[in-house]
J.: 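First, the structure itself, so that you have it in front of you.
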Amino acid sequence: MPVEKSGRTWIRHYLAYFCLIVMGGCSALPGIPDSELAAFGPSVEQVRFLLRQDRVREALDEALYLAREYPSGLTETLVGQAMWRNGRVTEAETRFRRAVKTDLAESYVGLAAVRASAGHWGAAKRLLSDVSGNSESGAWAQSLLASSAWRSGNLAETRTHLQAWSQIEMDVELAQAAAAMAAAVADLEGPPEWSGAATLVDLETMSGGGLMVPVRVGGAEGRLLLDLAARQSFLSPELAEAGGLVVRSGDGVVARTSNLTGSDMNRHRPHSLQAASPDLQFGEARLRNSIVGVGQPPEGVDGVLAFDLLLTARWSLRFDTPVLALGPASASADVHQMIGGSIPATVAWLNARLAYQALAVQVFVYPLVGGERVAVGLDPGMRSILDPEQLLDGAIPRGRLQIGGWSAEVEWEVSSLDSWATAGGVAPSATLGHNLMDDWILHWMPGQEQIRFDRAATLTLPTDAERRERPGR
């Protein structure tokens, strides 16, 4: 528990004393209805305020204190929400399961988010079936329902839920993004689908360490920064225009992009401008009917390729060469052969957890860091980062990383990861960066929603002649 300011401590002692005298012992709560507990603030509203402000580490500290002092369905729900925003999925699920016994709408939505993160969409939709209204829980529910409809290919339902989300979302920029998504979905001719043959795409390394992926957008050529930590893929206004895309704004009309200036550095927030892309082509692999954001990209690239577009593809990413083998989910064997040929010694298979927000998504894995299983993001464009929350005694990083049977002491960069929680997102405890992954291969298995880690040193790439001989090339 963090050190408390004297003013806060005095208020809490006073509230506890007041509860004991007037209510006969608040902390025993089944006794006090949640509606009355909310009036004991500032604590309840303070937690909600911190979550709205994306100050998720502080929110968790406050929520845990509140739940200890005044246990109830409401406080269990607040703890669950804060744990979810901190990537502590298993603990969040436990809290939400306790809270649903009190029939709180927010607890049902939280539990639905956890179930969806593990791919259990049927259970998630059942939990969301009775959630409505204009509350924050309603906005979260509509966002998740839009994700479910999008994953199932139901464009009409996707648009309906996006519009409903945009009307009750308290974050103005997020509401605009939701409305722009809804307008862009209306421009699609069908649901998103990967097709074509598996392909091996040679990547280009940027001076800062990032990887660029060549792409064709409706016939126009561009280069996208591969960013597995970004919430949503996006294109520059110039590439979107060259590719013939219609850019939509929050009011549904065709957006003006000529006045967009400055690089869009906030990669952890969905974009306020959206466009339907009939055809994105990566070598022989094609993604039809996708939705992309539109914004100014970092210097030297024409946009960003994030996990949202790669979610339903089968891909393998090798960093030392570097290359990306990519194809439809049905092309699993071809993709594997392209990346290495012989069967490697696998380091580990890790189940991924996916934090959905309408058409945007974040991916996390859960290896052991310092002996503790924590949420870890993938960020190959940066060095590996450890959040200060994972420091031992405030100074010594819990450095050892264990992934399956592999473990090593890691030279972490200590830096806050709070920005990952922007606009309702989830902040991990650590990230795996290029200093760790440069000699690894990542394999994404969309059917199982698992990531397999291999060591690149055990594999050999096919020659150019062998690539040309493959069927479909």
J.: Please give me the minimum heavy-atom distance between P446 and A329, naming the atom from each residue.
T.: CG-CB, 3.8 Å
J.: Go through the side-chain N and O atoms of R314 and T312 and say whether any donor and acceptor fall under 3.5 Å apart.
T.: no
J.: Checking R95 against E91 for the salt bridge (charged side-chain N to carboxylate O under 4.0 Å, His left out) test, could you report, in this order, the C-alpha distance in whole Å, the side-chain angles of both residues, the deciding distance, and whether it holds?
T.: CA-CA 6 Å; R95 299 288 182 153; E91 295 165 285; over 6 Å; no
J.: What distance separates E157 CD from S152 OG, expressed to the nearest 0.5 Å?
T.: 6.5 Å
J.: Step through it carefully: locate the ring centre of F307, locate the ring centre of W444, and say whether they are under 6.0 Å apart.
T.: yes
J.: Give a yes-or-no answer on whether the side chains of S233 and D308 include a donor-acceptor pair shorter than 3.5 Å.
T.: yes
J.: Would you please name every residue forming a side-chain contact (heavy atoms from CB on, under 4.5 Å) with A276, sequence neighbours left out?
T.: D187, L188, I291
J.: I would like to know whether L203 and L317 meet side chain to side chain contact (heavy atoms under 4.5 Å, CB included); could you show each step before the answer?
T.: CA-CA 10 Å; L203 307 181; L317 175 62; 3.7 Å; yes
J.: Mind checking whether V215 and R223 have side chains closer than 4.5 Å, heavy atoms only?
T.: no
J.: Hey, could you give me the CD/CZ distance between E62 and R55, rounded to the nearest 0.5 Å?
T.: 9.5 Å
J.: Side chains of Q274 and Q232: do they bring a donor and an acceptor to under 3.5 Å?
T.: yes
J.: Do the non-hydrogen side-chain atoms of R383 and E411 ever get within less than 4.5 Å of each other?
T.: yes
J.: Without hydrogens or angle criteria, can the side chains of R353 and S117 be said to hold a donor-acceptor pair below 3.5 Å?
T.: yes
J.: Strictly distance-based, threshold 3.5 Å: is any side-chain N or O of N86 a donor or acceptor partner for the main-chain N or O of V56?
T.: yes
J.: Quick one, L66 and L78 - any side-chain contact, counting heavy atoms below 4.5 Å?
T.: yes
J.: Show your working on side chain to side chain contact (heavy atoms under 4.5 Å, CB included) between W150 and H161 and close with a plain yes or no.
T.: CA-CA 10 Å; W150 180 247; H161 292 303; over 6 Å; no
J.: Is a donor on one side and an acceptor on the other found under 3.5 Å between the side chain of Q281 and the backbone of G283?
T.: yes
J.: List the steps, then state whether salt bridge (charged side-chain N to carboxylate O under 4.0 Å, His left out) holds for E76 with R98.
T.: CA-CA 7 Å; E76 286 293 300; R98 293 177 191 168; 3.2 Å; yes
J.: Show your working on side chain to side chain contact (heavy atoms under 4.5 Å, CB included) between M83 and T90 and close with a plain yes or no.
T.: CA-CA 9 Å; M83 284 181 167; T90 302; over 6 Å; no
J.: Do L305 and F282 have side-chain heavy atoms sitting under 4.5 Å apart?
T.: yes
J.: Under 3.5 Å, is there a donor-acceptor pair linking the side chains of S249 and D251?
T.: yes
J.: Between S143 (side chain) and A358 (backbone), is there a donor-acceptor pair under 3.5 Å?
T.: yes
J.: Using a strict threshold of under 4.0 Å (side-chain N to carboxylate O), is an ion pair present between R269 and D171?
T.: yes
J.: Counting C-beta onward and ignoring hydrogens, is there a side-chain heavy-atom pair between D227 and R267 closer than 4.5 Å?
T.: yes
J.: Quick check: closest heavy atoms across E221 and L239, and the distance to 0.1 Å?
T.: O-CD1, 3.8 Å
J.: So, do Y366 and L350 sit near enough that their side-chain heavy atoms are less than 4.5 Å apart?
T.: no
J.: Are R48 and E106 within salt-bridge range, i.e. N to O under 4.0 Å?
T.: yes
J.: Quick check against the 3.5 Å criterion: does Q362 have a side-chain atom that pairs as donor or acceptor with the backbone of V426?
T.: yes
J.: Regarding S384 and N435, do their side chains bring together a donor and an acceptor under 3.5 Å, going by distance alone?
T.: yes
J.: Just verifying a value: how many Å separate L111 CG and W84 CH2, rounded to the nearest 0.5 Å?
T.: 10.5 Å
J.: Tell me if a side-chain donor or acceptor on T431 pairs with a main-chain N or O of G377 at a distance below 3.5 Å.
T.: no
J.: Roughly how far apart are E284 CD and T199 OG1, rounded to 0.5 Å?
T.: 5.5 Å
J.: Between L225 and G210, what is the shortest heavy-atom contact and its length?
T.: CD1-CA, 4.1 Å
J.: Please check this pair: side chain of W315 against backbone of L310, looking for a donor-acceptor N/O pair closer than 3.5 Å.
T.: yes
J.: Hey, are D279 and R216 close enough for a salt bridge, meaning a charged N less than 4.0 Å from a carboxylate O?
T.: no
J.: Can you confirm whether F453 sits close enough to L432 that some side-chain heavy atom of one is under 4.5 Å from a side-chain heavy atom of the other?
T.: yes
J.: Using modelled atom types and a 3.5 Å cut-off, is there a donor and acceptor pairing between side-chain atoms of S72 and backbone atoms of L74?
T.: yes
J.: Of all the heavy-atom pairs spanning V304 and A230, show the shortest one and how long it is.
T.: CG1-CB, 4.1 Å
J.: Return the minimal non-hydrogen interatomic distance between G327 and V335, and the atom names on each side.
T.: N-CG2, 3.9 Å
J.: Look only at the side chain of R85 and the backbone of L51, and say whether a donor-acceptor pair between them is shorter than 3.5 Å.
T.: yes
J.: Going by ring-ring contact (aromatic ring centres under 6.0 Å, His included), name the residues that satisfy it together with W420, two or more places apart in sequence or in a different chain.
T.: H268
J.: Report the distance from atom CZ of R452 to atom OG of S316, rounding to the nearest 0.5 Å.
T.: 7.0 Å
J.: In sequence, state the C-alpha distance, the side-chain angles, and the governing distance for L417 and E389, and then conclude on side chain to side chain contact (heavy atoms under 4.5 Å, CB included).
T.: CA-CA 9 Å; L417 295 169; E389 289 288 312; over 6 Å; no
J.: Does F96 reach the side chain of R115, with side-chain heavy atoms less than 4.5 Å apart?
T.: no
J.: Would you check if the distance from the ring center of W121 to the ring center of Y356 is below 6.0 Å?
T.: yes
J.: Which atom names give the shortest non-hydrogen contact between P278 and L245, and what distance separates them?
T.: CD-CD2, 3.7 Å
J.: Run the side-chain hydrogen bond (donor to acceptor under 3.5 Å, both in side chains) test against S107 and tell me which residues pass, sequence neighbours left out.
T.: none
J.: Please determine if R151 and E449 form a salt bridge, counting it only when a charged side-chain N lies under 4.0 Å from a carboxylate O.
T.: yes
J.: Drop me the distance from M437's CE to L378's CG, to the nearest 0.5 angstrom.
T.: 5.5 Å
J.: Please check this pair: side chain of D54 against backbone of A423, looking for a donor-acceptor N/O pair closer than 3.5 Å.
T.: yes
